[in-house]
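Keep in mind that what you see is a predicted model, and the values were worked out from it rather than measured.
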Amino acid sequence: MKTIIRGGQVVSMDPAVGDLPAGDVLIEDGVIVDVSPHVDAPDAEVIDASDRIVMPGFVDNHRHTWQTAFRGIGSDWTFPEWAVAMHGTVKPRYAPEDVRIGTLVGRLEALSSGVTTMLDWFHCTLSPAHADAAIEGLRASAGRSVFCYGAGWGTTDPVDAEIRRVRAALADDDARVGLAWGLRGVEDTSVETVAAELAVAEELGLRTSLHIASDGSRPIAELAEHDLLRDTTTYVHVTGVDDDELRMIAEAGGSVSISPDVELKMGFGLPMTGRMAAAGLKPTLSVDDVPSVAGDLFSAMRTALAVQRGIDGTQSSRSVLEAVTIDAAASMGLDQRIGSLTPGKRADIVLLRADDITMAPVTDPVASVVSSAHPGIVDTVLVDGIVVKKDGELVGVDVRALIAQLTASRDRVAAASGVPLDGTWQPAATA
């Protein structure tokens with residue numbers, strides 16, 4: 001099957017391909033085969049990209065979709081309040097079906113906003129059935145996903161057998177849903193446990209992700225002291241750590257994920273994009289959780305750019321766009337498959353409306369995407385060359401029915417947890 005995306009403003013995110021004021025992208029059997037000012041393909045199905053920006057799909061390498069039902073409820077919460085609310089109060093009331101519908105709607109939300117690849121950092125680890133429900137939710141979406149299983153999160157329980165069970169269940173998947181391991185760090189468990197889990201991850205060929213924040217401790221230095229820094233690990237947030245620890249991550253080949261809106265709103269401090277870049281890292285951006293912030297990467301890009309330019313002016317629109325495309329793909333070990341419009345890569349592509357009144361006229365498409373774009377202009381989305389959003393609507397998805405299921409889930413969990421849904425909930429008071 002051949003498809004040609006014709007006549008769009010192409011932002012390839014590949015220096016060898018460059019950006020094209022008007023160009024064509026030819027796709028065959030889910031693979032990009034040509035990106036040029038004009039491609040002759042009379043037998044291809046045509047997607048008209050006039051007045052569209054054509055670019056690789058966004059990549060979010062850190063999101064907790066199981067919390068989607070409680071969207072917006074924690075907009076004014078600090079991190080301790082969020083932890084009390086989501087993990088201490090409502091999570092114990094979650095049934096596997098609540099996980100499934102939250103994960104499915106959260107993944108579709110991301111897909112609708114142009115996130116073709118997403119790492120779902122799952123820490124609603126109440127039972128194996130909860131994990132299976134999360135995987136079911138991801139599979140029911142047309143997006144490319146990585147299930148990052150935080151097995152045993154919040155405990156010191158052994159999780160080797162459970163990780164192996166899930167690895168076996170996903171081993172024969174079509175690679176549209178992959179597996180990573182959400183590690184418990186030295187702030188949550190022992191160095192010996194971290195070492196043992198890393199050994200199993202390496203045996204199973206799994207990349208890992210790890211939340212890091214420091215209030216004066218040196219968690220990265222402790223990992224380095226025990227030779228536990230890996231080039232297959234993404235370190236999330238990494239707020240409060242010293243510059244030499246950032247260099248340790250860089251020297252080990254690791255990657256970092258910053259959630260700028262969450263970090264600012266919850267009191268983590270300033271996002272560390274500039275310090276990370278100075279240490280030799282390529283910062284990537286993520287949403288984190290929608291009880292607190294918007295579920296699209298356009299918001300994250302705007303915040304990251306504004307904050308870093310306000311600090312020292314070192315960030316650029318292109319570097320921010322790289323952070324949610326090719327650099328984020330690299331952090332997940334997928335940059336040879338996705339992240340740029342490069343011949344030979346999978347056709348994960350988004351078309352953004354350049355003729356929308358909030359965008360037009362587009363002079364610099366990169367700057368316009370970072371500074372002006374929003375989910376409402378995501379016109380078309382392709383994953384593996386298949387159109388999963390067309391004319392601004394998800395293909396084959398009954399959005400109203402899913403929202404009804406999600407709302408019912410929220411109402412049930414809230415009632416079982418004894419929390420109000422009228423904007424008066426004070427999590428610290430209900431702990």
Side-chain angles (χ1 to χ4, degrees), residues 11 13 15 58-63 78-79 119 185 187 209-221 223-224 229 231 233-289 292-294 296-332 335 339-340 364 366-373:
V11 177
M13 305 311 293
F58 299 114
V59 180
D60 183 345
N61 60 6
H62 169 236
R63 188 182 303 214
T78 63
F79 175 74
L119 182 142
E187 297 155 299
S209 183
L210 174 63
H211 292 87
I212 290 284
S214 173
D215 57 359
S217 62
R218 285 173 55 82
I220 299 298
L223 290 171
L229 298 181
D231 62 0
T233 299
T234 299
Y235 303 86
V236 180
H237 303 311
V238 206
T239 51
V241 306
D242 297 327
D243 288 340
D244 68 317
E245 291 183 284
L246 296 178
R247 290 191 293 272
M248 292 174 193
I249 296 174
E251 289 165 2
S255 56
V256 289
S257 177
I258 299 169
S259 309
D261 291 305
V262 159
E263 290 163 18
L264 284 166
K265 291 180 76 173
M266 286 191 180
F268 285 60
L270 292 174
M272 292 176 46
T273 50
R275 287 179 55 198
M276 290 175 177
L281 292 161
K282 289 188 174 181
T284 65
L285 304 179
S286 56
V287 165
D288 199 345
D289 75 89
S292 302
V293 302
D296 65 272
L297 286 172
F298 298 110
S299 299
M301 286 191 285
R302 277 195 298 275
T303 299
L305 180 63
V307 168
Q308 196 57 51
R309 291 199 65 78
I311 293 172
D312 58 16
T314 57
Q315 197 90 341
S316 71
S317 295
R318 187 168 290 273
S319 67
V320 169
L321 198 57
E322 289 170 346
V324 296
T325 53
I326 189 62
D327 291 344
S331 76
M332 296 168 67
D335 52 314
S340 65
D364 178 343
V366 172
S368 293
V369 169
V370 173
S371 296
S372 301

Just jot down the side chain to side chain donor-acceptor pair (under 3.5 Å) partners of Ser217, sequence neighbours excluded, or say none. none
Sequence neighbours excluded, the answer for side chain to side chain donor-acceptor pair (under 3.5 Å) partners of Ser340 is Thr342, Lys345
Note: Val262 and Asp289 closest approach over all heavy atoms is CG2-OD2, 3.8 Å
Gap between atom OG of Ser331 and atom CG of Asp327 - 0.5 Å precision: 8.5 Å
Residues in side-chain contact (heavy atoms from CB on, under 4.5 Å) contact with Ala306, at least two apart in sequence or another chain: none
Kindly state each residue pair satisfying salt bridge (Lys or Arg N to Asp or Glu O under 4.0 Å) with at least one member in residues 305-322, sequence neighbours excluded. Asp19-Arg318
Report yes if the side chains of Val320 and Val324 come closer than 4.5 Å at any heavy-atom pair, otherwise no. no
Could you note down all residue pairs passing salt bridge (Lys or Arg N to Asp or Glu O under 4.0 Å) where residues 249-265 supplies at least one of them, sequence neighbours left out? none
Taking only residues two or more places apart in sequence or in another chain, which ones pass side-chain contact (heavy atoms from CB on, under 4.5 Å) with Thr78? Pro80, Glu81
Search all heavy atoms of Ala328 against all heavy atoms of Val59 and return the closest pair with its distance. CB-O, 3.5 Å
Side-chain contact test, heavy atoms from C-beta onward, threshold under 4.5 Å: evaluate it for Met248 versus Leu223 and give yes or no. no
Residues at least two apart in sequence or cross-chain that pass ring-ring contact (aromatic ring centres under 6.0 Å, His included) with Tyr235, listed by chain then number, are none
Just so I know, are the side chains of Val287 and Leu297 near enough to count as touching, which here means a heavy-atom distance under 4.5 Å? yes
Tell me if a side-chain donor or acceptor on Thr325 pairs with a main-chain N or O of Leu321 at a distance below 3.5 Å. yes
Listed partners of Ala252 passing side-chain contact (heavy atoms from CB on, under 4.5 Å), at least two apart: Leu229
Those residues that, when tested against Asp244, pass salt bridge (Lys or Arg N to Asp or Glu O under 4.0 Å) (two or more places apart): Arg218
Tightest non-hydrogen contact, residues Glu245 and Ile220, listed as OE2-N, 3.0 Å
Determine the sole option in Thr239, Ile249, Val238 for which the side chain to side chain contact (heavy atoms under 4.5 Å, CB included) test with Ile212 is passed. Val238
Hey, are the side chains of Val307 and Gln315 touching, using non-hydrogen atoms and a 4.5 Å cut-off? no
According to side chain to side chain donor-acceptor pair (under 3.5 Å), who are the partners of Ser286, at least two apart in sequence or on a separate chain? His62, Ser257, Ser259
Minimum heavy-atom distance between Ser292 and Met266, given as atom pair plus value: OG-CE, 3.0 Å
Residue pair Leu305 / Ser317: nearest heavy atoms and the distance that separates them: CD2-OG, 3.8 Å
Sequence neighbours excluded, every pair satisfying ring pair (Phe, Tyr, Trp, His ring centres under 6.0 Å) that has a member inside residues 298-327: Phe58-Phe298
Using distance only, find each side-chain donor-acceptor pair of residues 267-285 under 3.5 Å and give its atom names and separation, not counting sequence neighbours.
residue: Thr273; atom: OG1; partner: Gln308; partner atom: OE1; Å: 2.7
residue: Arg275; atom: NE; partner: Asp243; partner atom: OD1; Å: 2.7
residue: Arg275; atom: NH2; partner: Val241; partner atom: O; Å: 2.6
residue: Arg275; atom: NH2; partner: Asp243; partner atom: OD1; Å: 2.7
residue: Thr284; atom: OG1; partner: Asn61; partner atom: ND2; Å: 2.8
residue: Thr284; atom: OG1; partner: Val256; partner atom: O; Å: 2.6

Over all heavy atoms of both residues, which pair between Ser255 and Thr234 is shortest? Give the atoms and the distance, please. OG-OG1, 2.8 Å
